[in-house]
Colleague: 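Can you keep this structure in mind? I'll have questions shortly.
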Amino acid sequence: MADDRKRPIAVTRSSLPPLEEYVEMLKPLWESAWLTNMGEYHRQFAEQLKTYLGTPNLELFVNGHMALELALQAMDLSGEVITTPFTFASTAHAIVRNGLTPVFCDIDPVNYTLDADRLEELITDRTTAIVPVHVYGNVCDVERIGEIARRHHLKVIYDAAHTFGETYDGRGIGCYGDAAMFSFHATKVFHSIEGGAVAFRDEKLAPALYELKNFGITGYESVDSVGANGKMNEFQAAMGILNLRYVDGEIGKRRALARHYRGRLDGVEGIRLCPEDPRVRYNYAYMPVVFDGYRKDRDQVFAELAARDIHARKYFYPCVNSYACYRDRYDPALTPVADRISRQVLTLPLYASLSPDDVDRICDIILQ
Ligand code: T4K
């Protein structure tokens, strides 16, 4: 116990399967020497994910960012794409790297996803798509976003990096919108070291996604599109296949810890936690806490935890529209809720191997 208290606590810690199981998975790779370029584990992993995520169409990628960037490219978009500034850099970068212009929509003050009430006023004759983010695993207003998109003939590509395995109204979260990107980064609830996938509605998108992750190659002597290298390798796929066997247990441990946090912090004046929507089956990816009128501000809590080697993170501060690479073109004052929440929010450590005692220690520091 005493040693445990000295161990630094980061915002997350990768879950790992038993080493012997991974080594066993590697043996066929040594025999075949087939290490990448859509091998046998790649095929198996994609099939298993379709079942687990409940989505009929899915393509694997080397990471979540390439998955999103190439999904946007496959949609053949132009002009403006509406998205949220309250996200990781990847979301806006994927839009800009496709030669598209992000238009930032403010966020809902309760669950911090794109505010569907603000969406329609941002649509112009140049808008071709919406990229909402299920931030922290909080599900966007998929019904209203879908309805607005249909009326204006816009594509919807969800950044579902945080929602692995979640369901909404009993359907896999990847079934909403034209496409949804999942991240399997080492810091996620479920990972393949690095990795990602796109789930998509129209099966006709499959060849485009496959080609774009493999340089646009269509045969030994033909290249039909300007693709990238977005291929997941066999070591990643093997890790994904193994982790998939354990992910439900991991989510169960996270759920228990998240409830423990709630038991300590819910109802404390000046501390706000995201409400849980009964239509969502959550994966407990993050533990965001907003300090709004609490006797300490976010930065104070962050510093007090850091002084005890507990490293919570300010996901997502600053907002994307305040980044040095974007701020000349955008005014964060136009997305005031996102700007405010980004200054008040702290994501507390949450991962399967965290102990309830750790949660108590973190809460004691916050509440002392
Ligand atoms: N869209 C959204 C909304 C996203 O949040 C992300 C990624 C993406 C798109 C893009 O997906 P990917 O292309 O990454 O698949 C981390 C992750 O690198 C990133 O995947 C994630 N979002 C973002 C929210 O967090 P950093 O720079 O904060 O991670 P880092 O290296 O500081 O790690 C945080 C903590 O995690 C460490 O203190 C310890 C632990 N950790 C980290 C690594 C790398 C481990 O336990 N094992 C590890 O291997 O970005």
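We're numbering straight along the sequence, starting at 1. Since the structure is predicted, the reported quantities are computational estimates derived from the model, not experimental observations. We count ligands from 1, going down the list as the structure has it; atoms in each ligand are counted the same way.
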Colleague: Less than 4.0 Å from atom 31 (O) of ligand 1, is there any heavy atom belonging to the protein?
Modeller: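 There is no protein heavy atom less than 4.0 Å from atom 31 (O) of ligand 1.
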
Colleague: Could you tell me which atoms of ligand 1, counted from 1 in the order shown, lie closer than 4.0 angstrom to a heavy atom of A10?
Modeller: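 Those qualifying, in numeric order: 38 (O), 39 (C).
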
Colleague: Applying a 4.0 Å heavy-atom criterion (strictly less than), which segment of S14 is in contact with ligand 1: side chain, backbone, both, or neither?
Modeller: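 Both parts.
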
Colleague: Taking the side chain from K213 and the backbone from L60, do they hold a donor-acceptor pair closer than 3.5 Å?
Modeller: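 Checked: pair present.
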
Colleague: Using a 4.0 Å heavy-atom cut-off, say whether M181 meets ligand 1 through its side chain, its backbone, both or neither.
Modeller: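 Looking at M181 and ligand 1, just side chain atoms fall under 4.0 Å.
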
Colleague: Please determine if E194 has a nitrogen or oxygen closer than 3.5 Å to a nitrogen or oxygen of ligand 1.
Modeller: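 No, there is no polar N/O contact under 3.5 Å.
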
Colleague: Salt bridge or not between R343 and D339? Use side-chain N to carboxylate O under 4.0 Å.
Modeller: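 Yes, charged N to carboxylate O under 4.0 Å.
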
Colleague: Let me have the donor-acceptor pairs involving side chains of residues 185-193, under 3.5 Å, with sequence neighbours excluded, atom names and distances please.
Modeller:
from: H185; atom 1: ND1; to: T187; atom 2: N; distance (Å): 3.1
from: H185; atom 1: ND1; to: T187; atom 2: OG1; distance (Å): 2.8
from: H191; atom 1: ND1; to: I193; atom 2: N; distance (Å): 2.9
from: H191; atom 1: NE2; to: S15; atom 2: O; distance (Å): 2.6
from: H191; atom 1: NE2; to: N243; atom 2: ND2; distance (Å): 3.3
from: S192; atom 1: OG; to: E194; atom 2: O; distance (Å): 2.9

Colleague: Which ligand 1 atoms are under 4.0 Å away from a heavy-atom of Y286?
Modeller: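 Within the 4.0 Å cut-off of Y286, ligand 1 contributes 24 (C).
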
Colleague: Hey, which atoms in ligand 1 end up nearer than 4.0 Å to a heavy atom of G64?
Modeller: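 Listed by number with element: 11 (O), 12 (P), 13 (O), 15 (O).
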
Colleague: Give me the residue, atom name and distance of the protein heavy atom closest to atom 25 (O) of ligand 1.
Modeller: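 Looking only at protein heavy atoms, the one closest to atom 25 (O) of ligand 1 is Y315 OH, 3.4 Å.
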
Colleague: Give a yes or no on whether a salt bridge exists between E147 and R144, defined as a side-chain N under 4.0 angstrom from a carboxylate O.
Modeller: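 No, E147 and R144 are not salt-bridged.
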
Colleague: Look only at interatomic distance and state if D159 has a nitrogen or oxygen under 3.5 Å from any nitrogen or oxygen of ligand 1.
Modeller: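 Yes, since at least one N or O of D159 sits under 3.5 Å from an N or O of ligand 1.
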
Colleague: Salt bridge or not for D106 and R340, using N-O below 4.0 Å?
Modeller: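 Looking at R340 together with D106, the answer is no, because their closest N to O distance does not fall below 4.0 Å.
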
Colleague: Quick check on contacts: which atoms of ligand 1 are under 4.0 angstrom from a heavy atom of S183?
Modeller: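 Answer, ordered by atom number: 11 (O), 12 (P), 15 (O).
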
Colleague: So for ligand 1, is K188 a polar contact partner (N or O within less than 3.5 Å, distance only)?
Modeller: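 N/O-N/O distance under 3.5 Å: yes.
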
Colleague: Say whether E40 and Q44, considering side chains only, have a donor N or O and an acceptor N or O under 3.5 Å apart.
Modeller: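 Short answer, yes.
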
Colleague: According to the interplanar angle, ranging from 0 to 90°, do the rings of F316 and H162 count as parallel (below 30°), tilted (30 to 60°) or perpendicular (above 60°)?
Modeller: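 Correct class here is parallel.
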
Colleague: Considering only non-hydrogen protein atoms, determine which one is nearest to atom 6 (C) of ligand 1 and report residue, atom name and distance to 0.1 Å.
Modeller: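 Sorting protein heavy atoms by distance from atom 6 (C) of ligand 1 puts F88 CD2, 3.3 Å first.
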
Colleague: Between the main-chain N or O of D108 and the side-chain N or O of R118, is there a donor-acceptor pair closer than 3.5 Å?
Modeller: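 Not confirmed, R118 side chain does not pair with D108 backbone.
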
Colleague: Can you confirm, on distance only, whether ligand 1 has an N/O atom lying under 3.5 Å from any N/O atom belonging to F316?
Modeller: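 No: no nitrogen or oxygen of F316 is under 3.5 Å from one in ligand 1.
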
Colleague: Within the distance-only criterion (no hydrogens, no angle test), does the side chain of Y22 pair as donor or acceptor with the backbone N or O of F235 below 3.5 angstrom?
Modeller: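 Pair found, side chain donor or acceptor close to backbone of F235.
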
Colleague: Applying a heavy-atom cut-off of 4.0 Å, say which part of T187 lies close to ligand 1: side chain, backbone, both or neither.
Modeller: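 The side chain, only.
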
Colleague: Taking the minimum heavy-atom distance to atom 35 (C) of ligand 1, which of I9, T163, V11, T87 ranks first?
Modeller: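 Among I9, T163, V11, T87, the closest heavy atom to atom 35 (C) of ligand 1 comes from V11.
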
Colleague: Short list, please: which atoms of ligand 1 are under 4.0 Å from a heavy atom of S90?
Modeller: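 Listed by number with element: 8 (C), 9 (C), 10 (C).
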
Colleague: Would you mind running through ligand 1 and noting each atom that sits below 4.0 Å from a heavy atom of G195?
Modeller: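 Result: 15 (O).
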
Colleague: Indicate every side-chain donor-acceptor pair of residues 168-182 with a distance under 3.5 Å to a residue at least two apart or in another chain.
Modeller:
from: Y168; atom 1: OH; to: E143; atom 2: OE1; distance (Å): 3.1
from: Y168; atom 1: OH; to: E143; atom 2: OE2; distance (Å): 3.2
from: Y168; atom 1: OH; to: R279; atom 2: NH1; distance (Å): 3.0
from: R171; atom 1: NH2; to: C175; atom 2: O; distance (Å): 3.4
from: Y176; atom 1: OH; to: Y168; atom 2: O; distance (Å): 2.8
from: D178; atom 1: OD2; to: V156; atom 2: N; distance (Å): 2.8

Colleague: Would you mind listing which atoms of ligand 1 come within a distance below 4.0 Å of any non-hydrogen atom of R13?
Modeller: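 Result: 46 (O).
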
Colleague: Between N229 (side chain) and F215 (backbone), is there a donor-acceptor pair under 3.5 Å?
Modeller: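 No, the answer is negative, given that no donor and acceptor are paired below the 3.5 Å cut-off.
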
Colleague: For ligand 1, which atoms have a heavy atom of A186 less than 4.0 angstrom away?
Modeller: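 Within the 4.0 Å cut-off of A186, ligand 1 contributes 48 (C), 49 (O).
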
Colleague: For the residue pair Y330 and Y326, does the interplanar ring angle fall in the parallel (under 30°), tilted (30 to 60°) or perpendicular (over 60°) class?
Modeller: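 It falls in the perpendicular class, over 60°.
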
Colleague: At what distance is the nearest protein heavy atom to atom 36 (O) of ligand 1, and which residue and atom is it?
Modeller: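 Checking every protein heavy atom, the shortest distance to atom 36 (O) of ligand 1 gives T12 CG2, 3.2 Å.
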
Colleague: Report the part of H162 (side chain from C-beta onward, or backbone N, CA, C, O) that has a heavy atom under 4.0 Å from ligand 1; answer both or neither where that applies.
Modeller: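 Within the 4.0 Å criterion, H162 contacts ligand 1 through side-chain atoms alone.
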
Colleague: Any heavy-atom pair between the side chains of N138 and Y282 that's under 4.5 Å?
Modeller: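 Counting from C-beta outward, Y282 and N138 do come under 4.5 Å.
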
Colleague: Is it true that a side-chain atom of N111 and a backbone atom of C140 form a donor plus acceptor pair closer than 3.5 Å?
Modeller: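 Side chain of N111 to backbone of C140: no pair is present.
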
Colleague: What is the closest protein heavy atom to atom 18 (O) of ligand 1, and at what distance does it sit?
Modeller: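 Result for atom 18 (O) of ligand 1: H185 CE1, 3.1 Å.
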
Colleague: Report the nearest protein non-hydrogen atom to atom 13 (O) of ligand 1: residue, atom name, distance rounded to 0.1 Å.
Modeller: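 I find the closest protein heavy atom is H65 N, 2.8 Å.
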
Colleague: I'd like to know whether ligand 1 has R313 as a neighbour, heavy-atom separation below 4.0 Å.
Modeller: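 Checking ligand 1 against R313, which is what was asked, there is a heavy-atom contact under 4.0 Å.
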
